Protein chains: 2
Amino acid sequence: MPSPRPPKFQRRKADRPDEIVAAALEIFAEKGFAAARLDDIAARAGVSKGALYLYFPTKQDIFRAVVEQGVAPNLDIVRAGLAAATDDFANLLRGLMKALPSVIATTSTGGIVKMVIGESRNFPELAQAWHDKLVQPALGAMTGAIAAAQARGELRAGDPRLYAISLVAPMLVGVIWRETFTPVGAEPIDIAALAEQHVELWLRGVLSQAGAAA
Amino acid sequence: MPSPRPPKFQRRKADRPDEIVAAALEIFAEKGFAAARLDDIAARAGVSKGALYLYFPTKQDIFRAVVEQGVAPNLDIVRAGLAAATDDFANLLRGLMKALPSVIATTSTGGIVKMVIGESRNFPELAQAWHDKLVQPALGAMTGAIAAAQARGELRAGDPRLYAISLVAPMLVGVIWRETFTPVGAEPIDIAALAEQHVELWLRGVLSQAGAAA
DNA sequence: TCCTAATAACTGACTGGCTGGTTATTAGTG
DNA sequence: CACTAATAACCAGCCAGTCAGTTATTAGGA
């Protein structure tokens with residue numbers, strides 16, 4: 001009785017690119033661009049190395065695709081946050097910061113952030129894409145919202161862009177910490193707790209007397 | 001007329017290691033570990049590739065030396081800061097934060113930070129060394145100082161470690177920004193201004209009423 | 001429904017170039 | 001002259017990228 005030999009591979013043209021990009025994201029996030037081998041990516045994607053070249057002309061193009069795919073969902077989150085920007089500022093912020101940690105936990109933001117930072121010299125275009133498409137719009141929107149709240153008298157005077165940086169920096173550091181130091185035995189940072197405590201700290205530091213009373 | 005041909009090389013055994021490490025720091029900071037070629041390092045150090053191996057047995061050892069040389073001065077700064085920790089907390093902090101930006105500007109902290117983050121998976125020992133020798137002591141000292149100030153009633157309640165992170169994160173982000181986004185045309189962050197504004201924000205957010213009155 | 005031919009997704013062995021590391025040789029120094 | 005820092009040519013291994021061949025899949029004919 002001839003046992004029905006399972007097929008050596010299956011043709012799934014439509015699914016391959018996404019699978020490859022997903023695999024590449026993991027490998028790149030682990031090793032960085034240069035140290036990542038195409039054989040590793042292919043293996044994790046359950047495909048041969050040759051197959052990669054059916055979908056992407058070069059290693060750099062895979063990298064590009066990974067970063068772009070990493071930008072998109074974050075961009076949506078930013079847009080969604082902006083759409084709700086009519087609320088009063090303090091509560092808007094509390095809501096935003098409450099949502100953020102779960103987003104960070106579920107997506108692979110951390111690995112991508114590490115990649116963008118680590119490979120920025122070798123791929124300036126990617127750092128630029130990230131800045132232009134994601135960082136600058138997000139930071140700009142936050143800066144604008146802060147400036148508006150200052151104009152309304154809710155927040156005290158000061159450079160709104162620097163206030164925005166003061167606000168988001170700890171979350172970014174939390175992500176980097178998780179990727180860099182926690183794996184080598186450092187005490188983890190509870191990003192949710194950090195977010196909550198930091199927002200209150202920030203509000204106390206930036207609200208004007210009028211705003212604080214509200 | 002015999003033109004006085006300059007010597008092909010000079011023997012300067014004592015100076016070479018430092019020159020090599022300095023060159024390696026620049027190259028590693030630019031390209032990351034894997035993408036950095038030994039020929040580049042040798043060329044920048046004004047030396048042949050073979051000469052590298054007179055002083056360091058392997059590429060990783062050069063990397064190690066670079067990181068260690070990068071740790072030492074920062075560690076001294078932290079220690080010096082701690083020695084003065086008898087002052088009252090708010091002013092201690094203001095002084096510390098005033099000193100920090102120039103330190104960041106003069107040393108090549110930025111490149112090293114980028115390196116440690118980018119290569120942490122491939123060289124966990126280095127991330128660990130940085131954490132154990134520099135980050136953890138610094139953060140721990142800061143946490144301790146905050147906890148002490150809380151005990152004295154100067155600062156309000158809250159997780160002192162998270163407060164410490166809230167305090168230093170923006171400076172770290174400033175450094176990363178300078179290394180990652182400024183080179184691709186992003187608007188620079190004025191780290192000194194950020195430090196000053198952020199410390200005041202932080203103090204308003206963390207000082208207790210009693211502390212604020214002082 | 002079964003068989004066959006045509007198509008194209010996929011494989012995996014191969015290669016060319018690059019780079020970490022070695023070593024025979026040269027040349028500065030005392 | 002003896003010694004050794006430093007060189008530069010060299011080697012070995014690794015990996016991105018290639019391609020000739022293999023196999024799943026589909027279309028069409030009987």
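Fair warning: this is a prediction, and the values are worked out from it, not measured in the lab. The figures here come from the full heavy-atom set of this structure, side chains too, leaving out hydrogens, waters and symmetry mates.
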- Item | Rounded interatomic separation in angstrom, taking CG from B:Leu52 and C1' from D:dT7 | 12 Å

- Of all the choices, C:dA9, C:dG20, D:dT25, which nucleotide is nearest to the side chain of B:Arg37 once you look at every atom? C:dG20

- Grab the CZ-C1' distance between B:Phe28 and C:dT19 for me, whole Å please. 13 Å

- Looking for any heavy atom pair under 4.0 Å, which part of the strands does A:Leu54 touch: base, sugar-phosphate only, or nothing? base

- Using 4.0 Å as the upper bound for N to carboxylate O, is an ion pair formed by B:Glu179 and A:Arg121? yes

- Message: Using modelled atom types and a 3.5 Å cut-off, is there a donor and acceptor pairing between side-chain atoms of B:Gln136 and backbone atoms of B:His131?
- Response: no

- Query: Which one, D:dT25, C:dT11, D:dA5, comes nearest to the side chain of A:Ser48?
  - Reply: C:dT11

- Query: Relative to each other, are the rings of B:Phe63 and B:Phe123 parallel, tilted or perpendicular (30° and 60° limits)?
  - Reply: tilted

- What is the nucleic acid contact for A:Ala36, judged by heavy atoms within less than 4.0 Å: base, sugar-phosphate only, or nothing? sugar-phosphate

- Cation-pi, A:Trp130 ring and A:Arg64 (6.0 angstrom, 45 degrees): no

- Message: Whether B:Thr58 contacts C:dG21 is assessed here as follows: a side-chain N or O lying under 4.0 Å from the phosphate OP1 or OP2. Is that the case?
- Response: yes

- Distance in angstrom units between B:Lys59 NZ and D:dC14 C1', rounded: 13 Å

- Looking only at C:dG20, D:dA6, D:dA16, the nucleotide nearest the A:Tyr53 side chain is D:dA16

- Note on the structure: Which of D:dT25, C:dA9, C:dT11 is nearest the side chain of A:Gln10? It is D:dT25

- Message: Between C1' on C:dT19 and NZ on B:Lys31, what's the gap in Å once rounded to a whole number?
- Response: 13 Å

- Separation of A:Leu38 atom CG from C:dG12 atom P, in whole Å? 16 Å

- Ignoring hydrogens and angles, does a donor from either the side chain of A:Lys13 or the base of C:dA8 sit under 3.5 Å from an acceptor on the other? no

- Task: Round to the nearest Å and state the distance from B:Ile20 atom CD1 to C:dG21 atom C1'.
- Result: 15 Å

- Taking atom P of D:dT23 as reference, at what distance in whole Å does atom CZ of A:Arg12 sit? 19 Å

- Calculate the interatomic distance between A:Asp39 atom CG and C:dA13 atom C1'; express it in whole Å. 12 Å

- Message: Between A:Glu119 and B:Lys31 (salt bridge meaning N to carboxylate O under 4.0 Å), is one present in this structure?
- Response: no

- Query: Donor-acceptor pair under 3.5 Å: do we get one between A:Lys49's side chain and the base of D:dG17?
  - Reply: yes

- Query: OP1 or OP2 of C:dC10 sitting under 4.0 Å from any side-chain N/O of A:Arg16?
  - Reply: yes

